[in-house]
Structures are given as structure tokens and as C-alpha cells.
Amino acid sequence: MEETTEARTKLDDLQERRATILRHGGDDKVDAQHEKNKKTARERIDLLLDKDSFVEYGAFVKTRSTYYGLDKMDLPTDGVVTGVGTINGRRVAVYAQDFTILGGSLGEAHALKIVKMQDFALQARIPCIAMLDSGGARIQEGIDSLDGYGRIFFRNSRSSGTIPQISLILGPTAGGAVYSPAITDFIIMTRKTSTMYITGPAVVKDVLSEEVTHEQLGGGLVHNQRSGVAHFLAADDEEAIATARDLLSYMPQNFTEAPPFETTSDPADREDPDLRNLIPSDANKPYDVKDIIARITDGGEFMEVHRLFAPNIVVGFARIGGRSVGIIANQAKFMAGVLDINASDKASRFIRFCDCFNIPLLTLVDVPGYMPGTAQEHGGIIRHGAKLLYVYSEATVPKVTLILRKAYGGAYLGMCSKYLGADMVLAYPSAEIAVMGASGAAEVIFAREIKNAEDPQAARAKRIQEYKDQFSNPYRAAERGSVDDIIDPKDTRRKLAQAFAALATKHEIYPEKRHGNIPL
Ligand code: HXC
């Protein structure tokens, strides 16, 4: 059929309108974005999704606000690109704020586009990925912007535990805008180009007379290392986006599914005799628990979460025999692997994520205890440490615990002991499971005897040795059934793969309730 002039004109009009939309906020704004070493919203979406998989929603949406001449401005997409696409063939909903359009600020229409994607993701039960780069609430739109944030926070919270939600901070995130990512499961920040703060340096100076730069106040490093707000630090947009793609490979699309199984050429029964010698027999000598992890996971791969925060505990994703697992390990290399407030928070949040999304837990234990002292007590170590007990007990996914060396006191219990519901507890022959270390124990029980002895030093040494012989091993615990088996370290990978395979169909019914009341 011949094309009519009218149809041609309409098509030309459509193409022209679309071309305008694709130009973002204009060439000068796009250049400025690139000069800051930042990609545009569409470039980011292209990097995130499989080629040609993006289906855009709401490209023609405009603000209906008339305040401050907003109706006279050309704000294509209203500053946020939204749609659906695939990552490694699996569907995700995505939105990317466009800083070239009024600083990516969030007005009513912008917010409603995000809300549409959040609703879509929840109904389709697919992950929702947010790429943020925004000056926060669009000041000209007043209450409409604030209410927009309210709608987004509400959906972030209601979707939590149903679908995975990941936030990439790729520019400024100011004001209340920070709370949407904070409710999502993971935050990835870039080192130089991203910031998160509830009030910027100008307000800080005004109110507190403190001089601070944007980066010092809320840059990527600060939030990865000090506040623990962010989970991953990337060099730039590309690395941040690659991190999000990797991260998704360990998780299912929603809480009803199992994580994807990935076949591996690494045999599940691979022996590793070096594991016999990696842990120093002197319980006070450090080693890097990541060396152990690398020897037991498929291909030695481990995606560490919160790498820079609370390094005395290590958490992250790996696969064993093709199955995703979440690993929680005390890190003897930092503060002897002691559990403090930050370590408890870090591990608890990770464990809860894994439990939400059917990812089994592997806990590697070498822990001297909870951190003593006024700083920790007054900071609420009781409240924070309790989270770990709560989340391990609450978790119904398969839980396998391997005691490598020290497992003392409350921290032994806290690191997924048998009676917090571990399905299988294994121990190395080097394990020491006791109320406390032998020297401390001897000092308490035999204080009077040691003090009154003719040779107190010899008396102390004798009692320490006695306590060691009694408890500095895994056998008393195994006699009680608190440890299910004591294994040769060279067989670790095989034993763990067997344990997870045996538990693959574990199904635990939870007592009826609305929800528990986790100590926060
Ligand atoms: C409207 C905004 C804006 C905003 C930036 N712009 N933020 N427009 N509302 N919140 C506009 C600027 O006017 C400018 O427009 C363009 O975006 C780019 O901004 P620049 O300042 O030129 O960019 P840059 O120097 O890179 O600085 C980025 C910035 C800064 C650090 C984000 O713009 C800034 O401090 N913005 C205000 C941040 C803020 O206070 N937001 C409100 C927070 S309160 P032109 O036309 O000149 O290009 C909040 C409450 C939410 O968000 C509460 C939810 C519960």
C-alpha cells in the first residue's frame, strides 16, 4: 500500500520527537556529564542490559507542574529513563535518572515513572535496578516531589524480600533521596563521582561550622569503609554496572525461586591437602580466611560484599558444586576475628538477604568472642550482637557451619551453632569449642589455687594445659552432638558440597505470625 503524505508527516513528527528525547538535556549538558567521567542514563542502561533488550516505558512523559515556568521548559523523559530488559537472559526492571535534565531532580511525573517500574517489577516478580544521579527533590515542585519520594520508599519497603532490589549511585544523591537506596538490598557506589548525604556541605557548615567536601562527607569510600551504607565500591560507571550484573547471577528472580544453578568444571570432590596447613596451630596467630574460601568455592571465585567495612568479618557470595551460597566467615587477620557492633550488623543484614532469596548459608567460624569494653557496651553491642542470634535462628535456608579454630562463648553460639538451627556442623581437628580460651578459663576457675601455690606460674601452666586437654578440641562438642562430624581439612569442598546437596530440598514451616520483632 502506498504511504500517504499525512502518514509520512506523522511519522516524521514521531521521529523528530523521539530524536529530541534521545538527546537528553542537550549536547552541552551531555558533554558536561562526560567530562565528569559519568555516562548518560541511556549509556548506562545499554551497559547494564543485554544488547537490544531494552523496552522503554514513558519516554514521552512530561511534568504537569506549572510552577517557576516548568511548563515552558523542555524536560524530555522528565529526567528519568525507565523500562524493562534482560541481564544474561533474565528479565529486570530498571530506571536511570538523567542528570542532564534539571540535575536528575525528582518531580511528580519523574516519581510516577519510577513507581510504575517498581509496581511492574513486583507484579512480574523480577529484580528492580535503580541507577541514581540526582540533585534530589525537584525544588520547584514542592510537595509533589516529596510525595513522590514517599511513594517510592513505600514500594521499596513493600517489595523487600519479594524481589531483589539493587541501587547504583552514579552521581549525587542528596536529601531524603538517599533513603530509597538505603531500603534496597545492595548499594554500589563509584569512588569519585558518587555522593550520598542527607544534607550537603553548605548546610553542614551553616549548622555546625564544619568544613567538609562532598567526597569527605558522603563519597563512595566513606560509605563503603566507615558508615557501611554502601556494599560495593567501583572505580567508575562501567565497573559499578558490571558489579550489578555479577551480583544478580547469584540470586533468584524472586523469593519463590531458587538461585540459578551454574555448572562448573571444578569437581565438587576436589581434594586440597594444603588446607591442612593454612590455619596456624597457635590460636593467636592470624591468617587470611579468604585463602580458605578460595580453596573451597567453584573456581576459587568469591564475590565479597562490604569488603571495606568491618573487615573482622567476611561476607559474600560463591558457588559450591554449582549452587549459590552466602558465606559468613570470621577474619582472624583483623582484630582476631572478634565480633563487634559493625561486624554483627554487616553479617546480620547479609544473612537476612540470603534467607529472603533461598540462598543457603555457609558459616566459617574462628571467633574469640564478642568485643569487650565501654565503647562497644555503650554503643549497644548487646542490641547489635543480638541481631546475629536472631537472624541465624530466623533463617530457614540450609545452614552449614564449619568450625575452623576458635569458637568461644556467646560468639560460638552467634556464629550459627547447632542450637541456632545449623543443619550440619562440621569441625576441623584444630577446632576449640569452649566457654572461653584456656588461659582465661584457668585464671577464673583456679584463681585462689594459683594465688596460693608455691610456684604460681607452674600451677597456672598446669591448669591451663588441663583445660586445653579437656576443651581445646572439637571432641567434647561432638560427643554432645553439637558438632555433627570432624573432618580432614583436605576434604572440605567435598564435605560441604555433600552437605548442601543433601539439604537442597529442605523445607521448614515457620510458626504463624505477622512478622518477628528483630532487635534493631
Ligand atoms: C531542581 C535542580 C536540583 C533540584 C540540581 N538542579 N538540583 N533543580 N531541583 N533539587 C539543577 C540545577 O539548578 C542545574 O540547573 C542543574 O540541575 C545541574 O545542577 P548544578 O548545580 O549545575 O550541578 P553540580 O554543580 O554538579 O551540582 C550538583 C548538586 C547541586 C550537588 C546536586 O545541584 C545541588 O546541591 N543541588 C541541590 C541539592 C538539594 O539540596 N536537593 C534537595 C534536597 S532535599 P541548570 O538549569 O542550571 O542546568 C530533598 C528532600 C527529599 O531531596 C526528601 C524526601 C523524603
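Fair warning: this is a prediction, and the values are worked out from it, not measured in the lab. In listed order, ligands and their atoms are each counted from 1.
Residue-to-ligand polar distances place I139 within reach of ligand 1: an N/O pair is separated by less than 3.5 Å. Considering backbone and side-chain atoms alike, G175 places every N or O at 3.5 Å or more from each N or O of ligand 1. Considering backbone and side-chain atoms alike, K29 places an N or O below 3.5 Å from some N or O of ligand 1. Considering both main-chain and side-chain atoms, G135 comes within under 3.5 Å of ligand 1 through a nitrogen or oxygen pair. At a 3.5 angstrom cut-off on N or O pairs, A177 does not count as close to ligand 1. Considering backbone and side-chain atoms together, R138 places no N or O closer than 3.5 Å to any N or O of ligand 1.
Under the 4.0 Å criterion applied to side-chain N and carboxylate O atoms, D50 and R245 are assigned as salt-bridge partners. Ion pair D13/R17 flagged as a salt bridge, since at least one NZ, NE, NH1 or NH2 atom sits closer than 4.0 Å to an Asp/Glu carboxylate oxygen.
Within the structure, ligand 1 lacks G200 among the residues with a heavy atom less than 4.0 angstrom away.
Checking each of R64, K62, R138 against D78 for a side chain to side chain donor-acceptor pair (under 3.5 Å) leaves exactly one that passes, namely R138. The one candidate from K116, K113, H110, Q97 that meets the side-chain contact (heavy atoms from CB on, under 4.5 Å) condition with T82 is K113.
At a distance under 4.0 Å, no protein heavy atom can be found next to atom 12 (C) of ligand 1. Distance check on atom 41 (N) of ligand 1: some protein heavy atom falls below the 4.0 Å cut-off. Not a single protein heavy atom sits closer than 4.0 Å to atom 34 (C) of ligand 1. Protein heavy atoms are absent from the 4.0 Å sphere centred on atom 47 (O) of ligand 1. Distance check on atom 21 (O) of ligand 1: every protein heavy atom falls at or beyond the 4.0 Å cut-off. For atom 26 (O) of ligand 1, the nearest protein heavy atom lies under 4.0 Å away.
In this structure, the protein non-hydrogen atom closest to atom 10 (N) of ligand 1 is A137 O, 2.8 Å. For atom 31 (C) of ligand 1, the nearest protein heavy atom (residue, atom name, distance) is H214 CE1, 4.3 Å. Nearest non-hydrogen protein atom to atom 24 (P) of ligand 1 is F99 CZ, 4.2 Å. Counting only heavy atoms of the protein, atom 15 (O) of ligand 1 lies nearest to L102 CD1, 4.5 Å. The shortest contact between atom 1 (C) of ligand 1 and any protein heavy atom is with Q140 OE1, 3.2 Å. In terms of protein heavy-atom proximity, atom 55 (C) of ligand 1 is closest to F153 CE1, 3.7 Å. Looking only at protein heavy atoms, the nearest one to atom 3 (C) of ligand 1 is S105 CB, 4.0 Å. With respect to atom 51 (C) of ligand 1, the closest heavy atom belonging to the protein is G176 N, 3.5 Å.
By the 30° and 60° cut-offs, the orientation of the rings of F232 relative to F186 is tilted.
A cation-pi arrangement is present between K38 and F99, with the terminal nitrogen or guanidinium carbon under 6.0 Å from the aromatic centre and inside a 45° cone about the axis.
At a heavy-atom cutoff of 4.0 Å, ligand 1 is contacted by the side chain of L146 but not by its backbone.
Taking each heavy atom of Y390 and N517 in turn, the nearest pair found is OH-N, 3.0 Å. Across all non-hydrogen atoms, the minimal contact from P252 to A258 is CB-O, 3.4 Å.
In this structure, L364 CG and N330 CG are separated by 8.5 Å, a value rounded to the nearest 0.5 Å.
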Applying ring pair (Phe, Tyr, Trp, His ring centres under 6.0 Å) to F317 and F350, what does each step give before you reach the verdict? CA-CA 10 Å; F317 298 104; F350 180 71; 5.0 Å; yes
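Q33 places a side-chain N or O within 3.5 Å of a backbone atom of K39 that can act as its donor or acceptor partner. For the pair T297 (side chain) and E301 (backbone), a donor-acceptor distance under 3.5 Å is present. The closest donor-acceptor contact from the side chain of T190 to the backbone of L170 lies at 3.5 Å or more, if one exists at all.
Using a 4.0 Å cut-off to heavy atoms of A174, the atoms of ligand 1 that qualify are 52 (O). Near Y149, meaning under 4.0 Å from one of its heavy atoms, ligand 1 places the atoms 51 (C), 54 (C).
In this model, a donor atom of one side chain and an acceptor atom of the other lie less than 3.5 Å apart for S249 and R319.
Among G103, G79, P172, the residue whose heavy atom sits closest to atom 5 (C) of ligand 1 is G103.
Here Y57 and Y95 keep their ring centres 6.0 angstrom or further from each other.
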